[in-house]
Amino acid sequence: MPELPEVETTRRGIKPWIHHKEIIEIVVREKRLRWPIPSDIREKLINREIISVQRRAKYLLIETDIGSALIHLGMSGSLRVIKHNEPAGKHDHYDLILNNGMALRYRDPRRFGSLLWAKNPLNHKLLKQLGPEPLEEKFTGSYLHSKAKNRKITIKQFIMNAHIVVGVGNIYACEALYMSSIRPDKKCKYITLKQCDDLVKSIKFVLKKSIKSGGTTLKDFKNLDGAPGYFKQKLMIYDCKICKCGVKVKNIKLGGRSSFYCNVCQK
DNA sequence: AAATATACCTGACTGC
DNA sequence: TGCAGTCAGGTATATT
């Protein structure tokens, strides 16, 4: 489920409920996530105040005075704020129980997500090598163009590479390429500077728009009424049958991922 | 270094 | 209704 806008929406949704609260207990029901939940996670986090709730790429950073919990939602993870005694479901793998009667509960049927701990999260092995944030100013068309030079892969696989730019998942890669009229299977070396400018603008636009829409679901966190209820994004090309030009949408595999595009609108 | 293949999982859906 | 097969929005890691 989570692409960057969903992770950012989650961050904004949980922050008011957990910021400046103390973690008084951690319940781990299933430690076998992508990596095992570290056995010392309780001693690292218990009796610590949450002093900030940040995001880097698709990782959520729950910061305390001595280090941070590093949470990734994988393919199917979600976080909710619940009353601490709410019965856990099958895939509710852990709770961070807070000193306000609430708990941050993690659910993840596929268990591709993670809960790790790091003293300095930005120096953590998983975060250190990452490319720029897509919404940062230094992510520009000329940056992308300079990196794309001499690359043999397709432009879609390129923009989904977290060492180039973080947070561009399969759906938004398709959408951004459609918006900038570039075929997903176009080889990097044939992409012009102008196209990189357009593509970067499209990536920023589609992510911002989606974060804005995701924001409309924040009340779900406030209501604490179960499912996160992510906003069903209006998609222009992903999972679509017919392009707005009337032609049938193509769906090819690139690097094993479904890639939707219009043979007429994208060149 | 860069490209490609592989691995981790469950659940929803399709076609027989 | 059941069963096998396919697919899913991520990404680190091993292999070439």
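Just so it is clear, the values below take in all heavy atoms, side chains as well, and ignore hydrogens, waters and symmetry mates. So you know, we letter chains A, B, ... as the sequences are listed, proteins then strands, and number each from 1. Because the structure is a prediction, the values reported are computed rather than measured.
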5'-most contact on DNA chain C (nearest-nucleotide basis), A:Leu130 vs A:Lys253, goes to A:Lys253
d(OH, A:Tyr106; C1', B:dC9) in whole Å = 11 Å
May I ask you to verify whether the side chain of A:Arg111 and the base of B:dC9 hold a donor-acceptor pair under 3.5 Å?
-> no
DNA chain B base-pair string [pairs: Watson-Crick or G-U under 3.5 Å; |: paired with another strand] | .|||||||.|||||||
Could you tell me the separation between the NZ atom of A:Lys189 and the P atom of B:dA2, rounded to a whole number of Å?
-> 16 Å
Just by modelled atom types, is the A:Tyr238 backbone N or O under 3.5 Å from a matching donor or acceptor in the A:Glu175 side chain?
-> yes
A:Ser259 and A:Lys253: side-chain donor and acceptor closer than 3.5 Å?
-> no
Apply side-chain hydrogen bond (donor to acceptor under 3.5 Å, both in side chains) to A:Tyr261 and A:Asn263, showing your working.
-> CA-CA 6 Å; A:Tyr261 72 100; A:Asn263 208 16; 4.6 Å; no
note: A:Ile171, atom CD1; C:dC7, atom P; distance rounded to Å ~ 17 Å
What nucleotide among C:dA8, B:dG11, B:dA2 has an atom nearest to a side-chain atom of A:Pro109?
-> B:dG11
Tell me: CG of A:Leu126 to P of C:dG10, nearest whole Å?
-> 16 Å
Please answer whether the main-chain N or O of A:Tyr143 pairs with a side-chain N or O of A:Ser146 as donor and acceptor at a distance below 3.5 Å.
-> yes
Report yes if a side-chain nitrogen or oxygen of A:Lys90 is closer than 4.0 Å to either non-bridging phosphate oxygen (OP1 or OP2) of B:dG11; otherwise report no.
-> yes
Rounding to the closest angstrom, what is the interatomic distance between B:dA3 and C:dG9 at atom P?
-> 22 Å
Please check if any side-chain donor atom of A:Ser52 sits under 3.5 Å from a side-chain acceptor atom of A:Glu63, or the reverse.
-> yes
Which whole-number value in Å describes the distance from A:Lys58 NZ to C:dG9 P?
-> 10 Å
Mark yes or no for a side-chain to base donor-acceptor pair under 3.5 Å between A:Arg34 and C:dT11, with no hydrogen or angle criteria applied.
-> yes
No-H, no-angle donor-acceptor pair, A:Arg110 side chain to C:dA8 base, under 3.5 Å = yes
Return no unless some side-chain N or O of A:His163 is found under 4.0 Å from OP1 or OP2 of B:dA2.
-> no
Looking only at heavy atoms, which two atoms of A:Pro184 and A:Phe260 are closest? And how far apart?
-> CG-O, 4.5 Å
For A:Tyr59 and C:dA12, is the shortest distance between a side-chain N/O and OP1 or OP2 below 4.0 Å?
-> yes
For atom C1', what is the distance between B:dA12 and C:dT11, given to the nearest Å?
-> 23 Å
When you check the phosphate oxygens OP1 and OP2 of C:dG9, does a side-chain N or O of A:Tyr238 lie under 4.0 Å from one of them?
-> yes
In whole angstroms, the gap separating P of C:dG9 from CZ of A:Arg257 amounts to 5 Å
Verify whether one side chain among A:Asp185 and A:Thr154 offers a donor that lies under 3.5 Å from an acceptor in the other.
-> no
Distance below 4.0 Å between A:Ser258 side-chain N/O and C:dA8 OP1 or OP2 = yes
In whole Å, what is the span from the CG atom of A:Leu70 to the P atom of C:dT11?
-> 13 Å
From CZ of A:Arg32 across to C1' of B:dT10 the rounded distance in Å is 12 Å
Does A:His91 have a side-chain nitrogen or oxygen under 4.0 Å from the phosphate oxygens OP1 or OP2 of B:dT10?
-> no
Which of these passes side chain to side chain contact (heavy atoms under 4.5 Å, CB included) with A:Ile23: A:Leu104, A:Asn99, A:Leu98?
-> A:Leu98
Are A:Phe112 and the base of B:dC9 stacked, counting only ring centres nearer than 5.5 Å and planes tilted under 30°?
-> no
